[in-house]
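The residues of the chain are indexed from 1 along the displayed sequence.
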Amino acid sequence: MYDRILFPTDGTKGVDRATDHAIDAADRYDATLHVLYVVDSDIVNAYSGDEFVDGSEGAEETLEDNGRDALEAVAERAASAGVEVVTDLVYGKPDEAILRYIDREDIDLTVMGSKTRPGEYRRMLGSVTERVSRQSPAPVSIVKTTVSG
């Protein structure tokens, strides 16, 4: 049913349920798991340079390092489950980059995590997951994780 499954990750805590779901789906359907990390161009472009004491590393390098670590962590878990994995690190606005990847790689299913936050916070802000799920030409499975505060 699915040959290519995409799991975009931001590497944050709380994506373990979504990671497990993506790996399980790829294993169940004998699909290739594509793991994607998007270096958010808005964050890189907004970086003033003042946030880091060590001038040798700025926002772009930090985000790239975080992305490589996140991709490696998911790839190791998937490989230990016997799932074929492809990783990619791209630049752009996360929702737009994910949608481009879905089209370019002819993805059959995208598995995304969504942090459920209490109260008004969630209603005020749209999320990458919501934008991708509305615009993706392929099915999107959303795995929710509750975040307090």
Looking at side-chain heavy atoms only, is the closest gap between Val86 and Asp88 below 4.5 Å?
-> no
Is the closest side-chain heavy-atom distance between Val132 and Ile102 below 4.5 Å?
-> yes
Heavy-atom side-chain proximity of Thr87 to Tyr37 below 4.5 angstrom | no
Is any side-chain heavy atom of Asp103 closer than 4.5 Å to a side-chain heavy atom of Leu99?
-> no
Mind checking the OG1-CZ spacing from Thr129 to Arg134? Nearest 0.5 Å is all I need.
-> 11.0 Å
Value rounded to 0.5 Å, distance of CD1 in Ile142 from NE2 in His21 = 10.5 Å
Nearest atoms (heavy-atom pairs only) where Pro139 meets Asp108 | CD-O, 3.2 Å
Do other residues, nucleotides or ligands put more than 12 heavy atoms under 6.0 Å from Asp20 CG?
-> yes
Do Ser141 side-chain atoms and Val111 backbone N/O form a donor-acceptor pair below 3.5 Å?
-> no
Roughly how far, to the nearest 0.5 Å, is the CG atom of Asp24 from the CG atom of Leu33?
-> 11.0 Å
Minimum heavy-atom distance between Leu36 and Ala97, given as atom pair plus value = CD2-O, 4.4 Å
Compare all side-chain heavy atoms of Asp16 with those of Arg77 and state whether any distance is below 4.5 angstrom.
-> yes
Would you list the atom pairs, donor with acceptor, under 3.5 Å between side chains in residues 1-9 and any protein atom, with sequence neighbours excluded?
unit_1	atom_1	unit_2	atom_2	d
Arg4	NE	Glu105	O	3.2
Arg4	NE	Asp106	O	2.8
Arg4	NH2	Asp106	O	3.1
Arg4	NH2	Asp106	OD2	3.1
Thr9	OG1	Gly11	N	3.1

Nearest-0.5 Å distance that lies between atom OH in Tyr29 and atom CG in Leu109 = 8.0 Å
Can you tell me how far the CD atom of Gln135 sits from the CD atom of Glu130, to the nearest 0.5 Å?
-> 12.0 Å
Note: Ala31 and Val83 closest approach over all heavy atoms is O-CG1, 4.1 Å
Could you tell me which non-hydrogen atom of Val85 sits nearest to which non-hydrogen atom of Ala79, and how far apart they are?
-> CG2-N, 4.2 Å
Taking the side chain as every heavy atom from C-beta outward, state whether Arg68 and Asp65 have any pair of such atoms under 4.5 Å apart.
-> yes
How far apart are the C-alpha atoms of Met112 and Ile98, what are their side-chain angles, what is the distance that settles it, and do they pass the side-chain contact (heavy atoms from CB on, under 4.5 Å) test?
-> CA-CA 11 Å; Met112 297 186 74; Ile98 293 166; 4.0 Å; yes
